[in-house]
Amino acid sequence: MTPLFHPQPVNDPFGDPAVYVDFLFERRALLFDLGDLTPLPARKILRLSHVFVSHTHMDHFAGFDRLLRLCLGRERELALYGPPGFIDQVEHKLAAYTWNLVHNYPVDFTLIVAELHADQTLHRARFRCRTRFQREPLDLVPVPDGILLDEEGFVVRAMLLDHDIPCLGFALEEKLHMNVWKNRLQELGLPTGPWLKELKRLVRQQAPDNTPVRIHWRDHSGEHERMESVGPLRGEVLHIVPGQKIAYVVDAVYHAENARRIVELVRNADILFMETVFLTQDAERAATRFHLTARQAGTLARAAGVKHLVPLHFSPRYSDDPEALRREAEAAFAGDITQ
Ligand SMILES: [Zn+2]
Ligand SMILES: [Zn+2]
């Protein structure tokens, strides 16, 4: 299948951890964590619609200024998500600048900022350029199962983890992945076109089989229209497989409750981007800094049935031998060593 999401770490594993997720066929992207974004060109940053921040240690949040700088003066809205206290921290970032002239801007840039709390509610606020980024409270939203974002084709789920402070792990889950059998369309004498998007939407919503689908097209012989229904079309022209799942987990200490939460969040992920900050020989250091070792990360990924593990967030102490971290994570992931 052609994947819908194309995730890529922004930096090398010793740089700030962040993963950029590009969408196929759409000028759109998501970002997990907001540290150093230097390698990302402006056009890629401007494609972001939602940014998910695990926590506000500098290596995960220092890129906020670059994002703000690029978005300023553009008519657009950007959503930011983070752990408890995040709205205050965004407000403080904004308060560091002087905004006396922005009310003259012809366009408005709006930030919608949300923080996930342990009682599964999302606290939200809006900051608009036109009003000098003064905080405007928004309604509290309940978020069952930690689902921060629920769109037609995918959800983004978050899990609160312990990093001495609350830190969020994330999972991006495509609902169903649907490909069109072009040869079947031809056999049925049907064209491609926007009706296929509508059909996919109806299938995702589990519309009843007899729901009508209007297929309208124009060719050299004129206008055509056919009425079909969802059930037969779904069986004939769509190839439906489970959607992609991409998970991102950084900055969490190893203990039973975190392990349970991480496994639940990343279960069966196709790709898991995960911190492997220290080697087992430095496990004590890992524990006091509330990070995972490479072995712990590999073991958790294995327990969760993850298909592909991408280690990142390497401590600079291993800059001479980054392969040692990869080898240790890989061995644990393969089941050659255990926790
Ligand atoms: Zn941290
Ligand atoms: Zn970190």
Side-chain angles (χ1 to χ4, degrees), residues 7-21 30-40 51-67 80-90 92-93 113 115-118 146 148 158-171 246-255 257-259 261-262 265-266 271-280 282-298 300-301 309-319 322 324-326 328-329:
Q8 199 67 48
V10 173
N11 297 297
D12 74 57
F14 291 102
D16 291 354
V19 170
Y20 182 91
V21 184
L30 307 178
L31 183 66
F32 294 103
D33 265 342
L34 194 47
D36 180 12
L37 304 182
T38 310
L40 285 181
V51 176
F52 301 88
V53 177
S54 62
H55 63 305
T56 50
H57 281 155
M58 260 194 108
D59 53 330
H60 301 257
F61 194 44
F64 177 85
D65 282 18
R66 171 122 189 268
L67 180 66
L80 297 181
Y81 297 83
F86 187 59
I87 297 174
D88 281 348
Q89 302 208 261
V90 171
H92 295 155
K93 279 267 194 191
V113 185
E115 53 185 52
L116 178 66
H117 285 247
L148 300 180
M159 184 73 87
L160 277 160
L161 302 172
D162 175 16
H163 176 47
D164 194 31
I165 50 167
C167 177
L168 298 179
F170 301 106
I246 293 159
Y248 176 83
V249 173
V250 291
D251 293 44
V253 70
Y254 191 91
H255 56 51
E257 178 58 13
N258 257 2
R261 285 168 174 254
I262 291 170
L265 177 72
V266 309
I271 307 178
L272 168 60
F273 296 90
M274 196 179 212
E275 70 161 4
T276 58
V277 184
F278 294 102
L279 287 171
T280 301
D282 299 314
E284 225 166 278
R285 182 178 286 262
T288 54
R289 301 194 177 190
F290 292 83
H291 280 293
L292 295 174
T293 65
R295 184 181 294 181
Q296 288 161 346
L300 290 171
L309 172 67
V310 182
L312 39 78
H313 213 351
F314 294 2
S315 162
R317 64 177 26 229
Y318 310 109
S319 54
L325 286 165
R326 289 201 184 92
E328 186 176 294

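First listed ligand is number 1; within each ligand, the first listed atom is number 1. Predicted model, so just to flag it, every value in this text is computed and none were measured.
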Donor-acceptor contact present, side-chain Q8 to main-chain V21, <3.5 Å: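 Checking the backbone N and O of V21 against the side chain of Q8, no donor-acceptor pair under 3.5 Å is found.
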Could I get the full list of ring pair (Phe, Tyr, Trp, His ring centres under 6.0 Å) partners for H255, not counting sequence neighbours?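 Counting only residues at least two positions away or on another chain, H255 forms no ring pair (Phe, Tyr, Trp, His ring centres under 6.0 Å).
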Restricting to ring pair (Phe, Tyr, Trp, His ring centres under 6.0 Å), what partner residues turn up for F61, sequence neighbours left out?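 Checked F61 against ring pair (Phe, Tyr, Trp, His ring centres under 6.0 Å); matches are F64, F86.
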Between F52 and F32, is the ring centroid distance below 6.0 Å?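 Judged by ring-centre distance (under 6.0 Å), F52 and F32 do meet the cut-off.
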Considering residues at least two apart in sequence or located in another chain, which fulfil the salt bridge (Lys or Arg N to Asp or Glu O under 4.0 Å) criterion with R317?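 Checked R317 against salt bridge (Lys or Arg N to Asp or Glu O under 4.0 Å); matches are D282.
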Taking 2.8 Å as the limit, list every protein N, O or S atom around the Zn ion (ligand 2), by chain and residue number.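 D59 OD2, H60 NE2, D251 OD2, H313 NE2, with waters left out.
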Other residues, nucleotides and ligands only: do more than 12 of their heavy atoms fall within 6.0 Å of CD on E284?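 It does not: E284 CD has 12 such atoms or fewer within range.
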